[in-house]
Amino acid sequence: MRDTISEVITRYIPVGGDVLELGSGLGHNLDALAANYRVLGVEVLPDAVHKASERGIETIHANLEHEINLKAESWDVVLCLDVLEHLINPIACIQEAKRLLRPSGIFVINVPNHFTLTCRIRMLLGAGLDAPNFFPEYHAWNYPHLRFFQYQSIKKTLELGGFRIIEDLSWKVPAVPFLQRIPMLKGLCCLLAKFSPNLFCGGFFLILHKSNLLNSFSK
């Protein structure tokens, strides 16, 4: 996914822009962008903040569900990748992203899809939620994901948070990644993902703009 993130940001934001990542972890996504953009991570886990900073990725500690001590409208890109599903109040994080974005900025999000066709078959057969595939080391009682989005529900959540979709790249997150490596099946996988994201996308990867702005981007 990091190659796709870099490609998207390069397409929308000139080199030298400001990139903020909410829930930046160890800073691997920002590491891939640091050569061409000014980057900053925001992370809730102190240990991850320390390790990312040691790796040379400037990272601050903050609660993603509260206002962050950063100036409003000061970032060209806000990334929030595989984070919203961990939050009690994801809309608070989305609204904070809106506050931090410049008027022409983009919000880039991804959330996992627990309800693909294969996941639904597993549940019908009694296996339960597809937690082991995401976090095999966790028991059900302390599973890290708190929210389970479907395609329409993440779109509605983002709309309530003040955003509108300008590009949908969910089809680039395949439900069964190894099938994408088979040339004969790659095109079919993409087609199915576009036709039914809920069944055939492994996640929902969306590029967004503040909903009260006209789209000034030319693609």
Side-chain angles (χ1 to χ4, degrees), residues 1-6 8-9 12-13 17-34 37-102 105-114 131 133-135 137-138 142-149 153-155 157-158 160-163 165 169-170 172-173 202-208 210:
M1 183 181 284
R2 289 189 192 117
D3 289 342
T4 302
I5 294 165
S6 298
V8 165
I9 293 175
Y12 282 101
I13 304 300
D18 301 307
V19 179
L20 178 72
E21 182 171 16
L22 303 178
S24 54
L26 299 179
H28 294 298
N29 293 325
L30 295 179
D31 197 29
L33 299 167
Y37 297 92
R38 184 172 76 89
V39 301
L40 176 68
V42 181
E43 173 56 43
V44 68
L45 299 175
D47 187 53
V49 172
H50 177 70
K51 290 179 179 178
S53 299
E54 279 190 332
R55 295 179 59 250
I57 300 299
E58 184 182 357
T59 307
I60 63 173
H61 177 253
N63 186 327
L64 302 181
E65 298 174 59
H66 294 90
E67 185 169 315
I68 300 166
N69 188 24
L70 293 171
K71 184 180 176 183
E73 297 190 350
S74 56
W75 299 90
D76 298 302
V77 180
V78 174
L79 302 174
C80 192
L81 304 167
D82 300 316
V83 169
L84 296 175
E85 65 275 9
H86 293 270
L87 304 180
I88 294 173
N89 186 3
I91 285 185
C93 179
I94 293 167
Q95 290 172 332
E96 182 61 2
K98 183 179 180 182
R99 184 186 73 84
L100 293 169
L101 270 177
R102 291 187 172 121
I106 59 169
F107 186 33
V108 182
I109 75 106
N110 186 73
V111 294
N113 179 14
H114 285 269
N133 188 44
F134 289 93
F135 292 96
E137 70 277 19
Y138 282 82
N142 68 339
Y143 187 54
H145 289 179
L146 305 179
R147 306 296 177 194
F148 303 93
F149 295 102
S153 65
I154 186 59
K155 288 170 65 177
T157 303
L158 291 160
L160 291 171
F163 284 94
I165 297 170
L169 296 176
S170 301
K172 287 200 171 190
V173 189
F204 307 124
F205 184 32
L206 305 169
I207 320 301
L208 303 112
K210 294 183 182 185

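Looking at every heavy atom in both residues, Gly161 comes nearest to Lys98 through O-CD, 3.8 Å. In terms of heavy-atom proximity, Leu33 sits nearest to Ser6 at CD2-OG, 3.6 Å. Nearest heavy-atom pair across Gln95 and Leu160 is NE2-O, 4.2 Å.
Between Phe163 and Phe107, the two ring planes are tilted [angle within 30° to 60°].
Crowding of Asn69 atom CG: a count of heavy atoms from other residues, nucleotides or ligands under 6.0 Å not exceeding 12.
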Could you give the side-chain donor-acceptor pairs of residues 77-88 under 3.5 Å, partners two or more places apart or in another chain?
| unit_1 | atom_1 | unit_2 | atom_2 | d |
| --- | --- | --- | --- | --- |
| Asp82 | OD1 | Asn110 | ND2 | 2.8 |
| Glu85 | OE1 | Val83 | N | 3.4 |
| His86 | ND1 | Pro144 | O | 3.2 |

Donor-acceptor pairs are to be reported for all side-chain atoms of residues 19-31 against protein atoms at under 3.5 Å, with residues two or more places apart or in another chain.
| unit_1 | atom_1 | unit_2 | atom_2 | d |
| --- | --- | --- | --- | --- |
| Glu21 | OE2 | Asn29 | ND2 | 2.9 |
| Ser24 | OG | Val42 | N | 3.3 |
| His28 | ND1 | Arg55 | NH2 | 3.4 |
| Asn29 | OD1 | Arg2 | NE | 3.1 |
| Asp31 | OD2 | Arg55 | NH2 | 3.2 |

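At distances below 3.5 Å, at least one donor-acceptor pair connects side-chain atoms of Tyr37 with backbone N or O atoms of Ile13. Although no hydrogens or angles enter the test, the distance criterion places no donor-acceptor pair under 3.5 Å between the side chain of Asp18 and the main chain of Asp76.
Under the 4.0 Å criterion applied to side-chain N and carboxylate O atoms, Lys51 and Glu54 are not assigned as salt-bridge partners.
Between Phe204 and Lys155, every side-chain heavy-atom pair lies at or beyond the 4.5 Å cut-off.
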Practice problem: Please step through salt bridge (charged side-chain N to carboxylate O under 4.0 Å, His left out) for the pair Lys210 and Glu73, ending with a clear verdict. | Solution: CA-CA 11 Å; Lys210 294 183 182 185; Glu73 297 190 350; 3.6 Å; yes
